[in-house]
Structures are given as C-alpha cells and as structure tokens.
Amino acid sequence: FGVVTLTQGREVHQPGAAAEQFEAMGTRVQIERIERPQPGLVKVWCRGVEKFRIEATQQRSDGLWLGRVQALPPEPAVQVPEDLQHLSAQMHEALTQLSAQPSVLPHWPEAWRLQDCCWLSHRWGELLPLPLQMKYRLFALQEPLMRLELVGDMVAPPDETPPANS
C-alpha cells in the first residue's frame with residue numbers, strides 16, 4: 001500500500017469534516033510484521049520500498065482512498081563528496097546507537113550505504129526533527145546530492161558550534 005503526507009484532514013476521517021488532502025508523492029511500503037495485542041488494536045511495521053507520484057485518486061464511501069500511481073525511477077547512486085563526509089560519520093554514530101536499542105524487527109536490515117548521497121540523505125530525512133512539510137520537501141527532491149547538501153546546511157560538523165540566535 002502507499003503512504004502519503006496529509007496537508008489537510010486526519011488519518012481517520014471524521015464525519016462532517018473536510019475531505020483529506022495530501023501531497024502528490026508518496027511511498028509504497030511493504031508490511032513486515034503485524035501484531036494484534038488486544039481487541040481493536042493492531043500494530044503494523046512497514047518498510048518503504050519505492051517512491052511514487054499520484055496520478056488520480058478516488059475516495060470510497062467508507063472513507064478509504066484509492067489511487068492510480070506511477071512508480072518513480074530509482075535515484076542515481078552519487079558518492080558523498082568530501083565536504084559532506086561529516087554527515088556519513090555522524091549517521092554511522094546515530095545508526096549504531098539506534099541499532100543497539102531493542103526492536104522486534106531490525107532497524108535497517110540492509111547494509112548501510114553511508115557513501116551514497118541518496119541513502120544517506122533519506123536516513124537524515126527520517127531522523128532529523130523537522131516539521132512534516134520540510135521532511136516532505138526533502139523527500140520530494142529527486143536530486144540526491146542536492147538533498148544531502150540541504151541536510152548539510154542544517155547539520156553542523158561535530159567540531160563546529162552552531163551560530164547563536166541574535
């Protein structure tokens with residue numbers, strides 16, 4: 001199924017509320033695990049597979065959205081440049097700490113591609129505490145190096161102190 005960023009409305013439609021609106025791009029995900037710990041509660045773990053662009057949508061009478069989507073081509077592998085290597089090192093440290101935390105599924109089951117601008121910039125987009133709209137804007141960029149450069153503008157190298165707010 002697909003996951004999109006809402007721009008209006010709620011995940012669960014409320015009767016009488018305005019219709020949901022969402023961004024034009026989303027992520028196709030695959031279900032990795034489902035648990036039903038108690039009646040009425042379902043926990044679902046999903047992993048992103050590919051990006052898509054929404055071509056058409058339709059909302060069913062029960063509120064479920066259906067859409068026709070076009071898968072976006074994979075982004076090119078681009079080597080992390082020297083001036084952004086600190087982002088690789090800092091991500092390695094963050095992923096090492098996160099992976100040490102208990103989880104029912106591996107946090108990142110594939111090899112870490114810390115020298116790939118695409119992979120690295122997406123991990124930063126996941127982990128940075130950014131407003132949802134800013135996360136979406138990073139996600140929607142189809143240029144991995146540009147996305148990583150934008151992340152680099154937000155993440156100071158470890159030996160630099162961010163400028164004080166005046």
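Residues take their numbers from the sequence shown, with the count starting at 1.
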Could you tell me whether Glu23 and Arg53 make a salt bridge, using a distance below 4.0 angstrom between a side-chain N and a carboxylate O? no

Criterion side-chain contact (heavy atoms from CB on, under 4.5 Å) on Val44 and Ile31, from CA distance to verdict: CA-CA 7 Å; Val44 180; Ile31 297 173; 4.1 Å; yes

What pair of heavy atoms forms the shortest contact from Cys117 to Pro81, and how long is it? SG-CD, 4.0 Å

Nearest non-hydrogen partners of Arg147 and Leu141, listed with the distance: NH1-O, 2.5 Å

What's the separation between atom OG in Ser88 and atom CD in Glu93, rounded to the nearest 0.5 Å? 13.0 Å

Pair listing, salt bridge (charged side-chain N to carboxylate O under 4.0 Å, His left out) test, anchored in residues 120-135, at least two apart: Arg123-Glu126

In Å, rounded to the nearest 0.5 Å, how long is the span from OG1 of Thr7 to OH of Tyr136? 9.5 Å

With clusters built from Ile, Leu, Val, Met, Phe, Trp and Tyr whose side-chain heavy atoms come within less than 4.5 Å, directly or transitively, what are the remaining members of the cluster of Leu66, listed by chain and number? Leu64

Does the side chain of Phe139 come within less than 4.5 Å of Lys51's, by heavy atoms? yes

Side chains of Met91 and Leu127, heavy atoms from C-beta outward: is any pair under 4.5 Å? yes

Considering all heavy atoms, the nearest Pro37-Lys43 contact: CG-CE, 4.2 Å

Rounded to the nearest 0.5 Å, what separates atom CZ in Arg137 from atom CE in Met134? 10.5 Å

Are Val78 and Leu138 connected into the same hydrophobic cluster when the rule is that any two of I, L, V, M, F, W, Y join if their side-chain heavy atoms are below 4.5 Å apart? yes

For Glu110, I'd like to know if atom CD has over 12 heavy atoms of other residues, nucleotides or ligands within 6.0 Å. yes

Kindly indicate, with the supporting measurements, whether the criterion side-chain contact (heavy atoms from CB on, under 4.5 Å) is fulfilled by Leu128 and Val155. CA-CA 9 Å; Leu128 282 173; Val155 177; 4.0 Å; yes

Is any side-chain heavy atom of Val42 closer than 4.5 Å to a side-chain heavy atom of Ile34? yes

Please step through side-chain contact (heavy atoms from CB on, under 4.5 Å) for the pair Val80 and Asp116, ending with a clear verdict. CA-CA 6 Å; Val80 175; Asp116 178 353; 5.8 Å; no

Cluster companions of Phe22 among Ile, Leu, Val, Met, Phe, Trp, Tyr (side-chain spacing under 4.5 Å): Val4, Leu6, Phe52, Ile54, Trp65, Val69

Tell me yes or no: between the side chains of Glu35 and Trp45, is some donor less than 3.5 Å from an acceptor? no

Using side-chain heavy atoms (C-beta onward) and a distance below 4.5 Å, is Gln58 in contact with Arg60? no

Please tell me whether Trp119 and Leu150 are part of a single hydrophobic cluster in this structure, the criterion being side-chain heavy atoms less than 4.5 Å apart. yes

If hydrophobic clusters are built by linking Ile, Leu, Val, Met, Phe, Trp and Tyr wherever their side-chain heavy atoms come under 4.5 Å apart, do Trp112 and Leu98 end up in the same one? yes

Please walk me through it: do Leu84 and Leu120 pass side-chain contact (heavy atoms from CB on, under 4.5 Å)? CA-CA 11 Å; Leu84 295 175; Leu120 182 61; over 6 Å; no

Does atom CE of Met154 have more than 12 heavy-atom neighbours from other groups under 6.0 Å away? yes

Closest heavy-atom contact between Cys46 and Phe1? SG-CZ, 3.6 Å

Gap separating the CD atom of Glu75 from the CG atom of Leu145, nearest 0.5 angstrom: 11.0 Å

Over all heavy atoms of both residues, which pair between Ser121 and Pro144 is shortest? Give the atoms and the distance, please. OG-O, 4.1 Å

At their closest point, which heavy atom of Thr96 faces which heavy atom of His92, and how far apart are they? OG1-O, 2.7 Å

Between atom SG of Cys118 and atom CD of Gln142, what is the distance when rounded to the nearest 0.5 Å? 8.5 Å

Enter the distance from Met146:CE to Leu148:CG here, rounded to the nearest 0.5 Å. 12.0 Å

